[in-house]
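Since the model is a prediction, treat every value here as computed from it, not as a measurement.
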Amino acid sequence: MSKLDIFDTIATLRQTGAPFCVATVVRTADVTSAKAGAKAAITNDGEIMGHLGGGCVTRAVREAAFEAIATGATTVIRVKPSAKVVALTDEDGAQVFRSGCPSGGTVDLLIEPYELPPMLALFGTTPIARAIAQHAALAGLRVACDPALDLCDTQALDRDLTQMRPQDFVVIATQGAGDLDALKSALSSPVRRVSMIASARKAAALVAKLDTPPLAGRLKSPAGLDLGGIDPHDIALSVLAEIVQWRNSDTHTLEETDETTA
């Protein structure tokens, strides 16, 4: 059996598109199986690829990995003998897990979640849609768009958006060609942010035709920040600038929530 190369394993996991964590042993004390520098990848279904020590450590790592994947937050955990545990968080901020293993060692691990960048589902084949698709990669987004745009660095848009995540984005740039169908698909998805290249009046007229109106604040129209541009690329930049603003705002809100509940 060939030796597992953890970096090849990580590269393979990244290609699957599924979220996972990397756990690294950063410090050990007393007798432990794994030593500093040991790494493992933990998939979102709990499989551990790599060696981090015995069952006491792997149980703690698996639990911490599930939490990290859910929150997207990097954390440091400490697995130490139950007799030495005073609180579930040590003075240095490490989250503590009790160990009943007879070796009596203590292990500190860095838990780093990995997930793909947000997806931008883009409706439309208009010049503005093309410009948005071209600029989106520069903003660090993956793009799903109509194959008619013929952009080799994007993937085909599946109009069933139910598999998208809340942190993803939808932009409707149909501009008269299937506006209502695109809006229905966008608002049936779990994404928090949907924007539309249209006037506020037009968007309101389309929303009035829906069986269920969108939650307040979920649909933004006109899309983008008001930069005063009229060229498709100017408008695309304003749309991407707004998405970057939303992305950073959501990240800061999550961090503040974590600090409040810690």
Side-chain angles (χ1 to χ4, degrees), residues 4-7 9-14 16-118 140 165-168 190 192-193 244-262:
L4 180 143
D5 186 315
I6 190 61
F7 295 103
T9 300
I10 292 170
T12 300
L13 288 173
R14 289 183 62 170
T16 68
F20 65 95
C21 275
V22 176
T24 305
V25 177
V26 295
R27 188 186 73 89
T28 65
D30 300 323
V31 179
T32 60
S33 175
K35 303 303 178 184
K39 289 183 180 292
I42 304 92
T43 66
N44 62 344
D45 60 3
E47 181 182 0
I48 297 179
M49 303 176 183
H51 177 65
L52 297 171
C56 293
V57 172
T58 55
R59 281 192 294 272
V61 166
R62 189 175 284 113
E63 181 179 337
F66 287 149
E67 182 178 353
I69 289 172
T71 64
T74 297
T75 187
V76 173
I77 69 170
R78 178 167 295 133
V79 184
K80 65 181 183 180
S82 297
K84 297 181 180 180
V85 175
V86 177
L88 296 182
T89 302
D90 273 347
E91 292 181 355
D92 59 0
Q95 183 180 359
V96 176
F97 289 82
R98 294 184 175 90
S99 168
C101 292
S103 61
T106 296
V107 182
D108 289 359
L109 301 107
L110 176 68
I111 310 295
E112 299 175 280
Y114 174 83
E115 62 178 355
L116 290 173
R165 306 166 301 170
Q167 63 267 40
D168 293 327
R192 289 190 296 262
R193 310 281 194 176
V244 170
Q245 185 181 68
W246 282 338
R247 184 179 178 182
N248 291 335
S249 174
D250 290 344
T251 299
H252 294 327
T253 299
L254 179 60
E255 290 174 349
E256 290 170 0
T257 300
D258 290 342
E259 290 175 359
T260 302
T261 58

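The shortest non-hydrogen separation linking R247 to G140 is NH1-O, 3.6 Å. For I42 against A23, the heavy-atom pair with the smallest separation is CD1-CB, 3.6 Å. Between A41 and I6 the shortest heavy-atom distance is N-CD1, 3.6 Å. Closest of all the heavy-atom pairs between C56 and V79 is O-CG1, 4.0 Å.
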Chi angles and distances behind the side-chain contact (heavy atoms from CB on, under 4.5 Å) call for H51, K39: CA-CA 7 Å; H51 177 65; K39 289 183 180 292; over 6 Å; no

Apply salt bridge (charged side-chain N to carboxylate O under 4.0 Å, His left out) to residues R192 and D168 and explain how you reach the verdict. CA-CA 7 Å; R192 289 190 296 262; D168 293 327; over 6 Å; no

Run the numbers on D30 and K84 for salt bridge (charged side-chain N to carboxylate O under 4.0 Å, His left out), then give the verdict. CA-CA 13 Å; D30 300 323; K84 297 181 180 180; 3.4 Å; yes

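Under the 3.5 Å distance criterion, the side-chain polar atoms of T74 are left unmatched by any main-chain donor or acceptor of E112.
Note that CD1 of I48 is 10.5 Å distant from CZ of R59, once rounded to the nearest 0.5 Å. Remark: L109 CG to F97 CZ distance equals 10.0 Å, nearest 0.5 Å.
Donor-acceptor pairing under 3.5 Å is lacking for the side chains of T28 and K35.
For the side-chain hydrogen bond (donor to acceptor under 3.5 Å, both in side chains) criterion with R78, the lone passing option out of D92, T89, T106 is D92.
One finds no salt bridge joining D108 and K80 here, because no Lys/Arg side-chain nitrogen approaches an Asp/Glu carboxylate oxygen to under 4.0 Å.
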